[in-house]
Amino acid sequence: MLWSDPENEPPKELRETQEMLRRAGLVVALAMFLAMVMVGLGVM
């Protein structure tokens with residue numbers, strides 16, 4: 001890569017969307033984990 005090459009960075013909107021999707025995925029994974037633990041313990 002040359003020093004004169006432009007930065008290969010995604011636009012701001014795309015980065016924000018990716019961050020939001022990452023957070024949403026984390027929340028869904030945590031909810032699934034908690035649901036499995038509750039089912040395992042026989043709470044639900």
For the atom pair [atom1] ([X]) and [atom2] ([Y]), what is the distance rounded to the nearest 0.5 Å?
X: R15; Y: Q18; atom1: CZ; atom2: CD; result: 9.0 Å
X: E19; Y: T17; atom1: CD; atom2: OG1; result: 10.5 Å
X: L34; Y: M36; atom1: CG; atom2: CE; result: 11.5 Å

Got V37 and L41 here, is their nearest side-chain heavy-atom distance under 4.5 Å?
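Yes, at least one pair of side-chain atoms sits under 4.5 Å.
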Hydrophobic cluster membership, M38 vs F33, 4.5 Å side-chain cutoff
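Same cluster.
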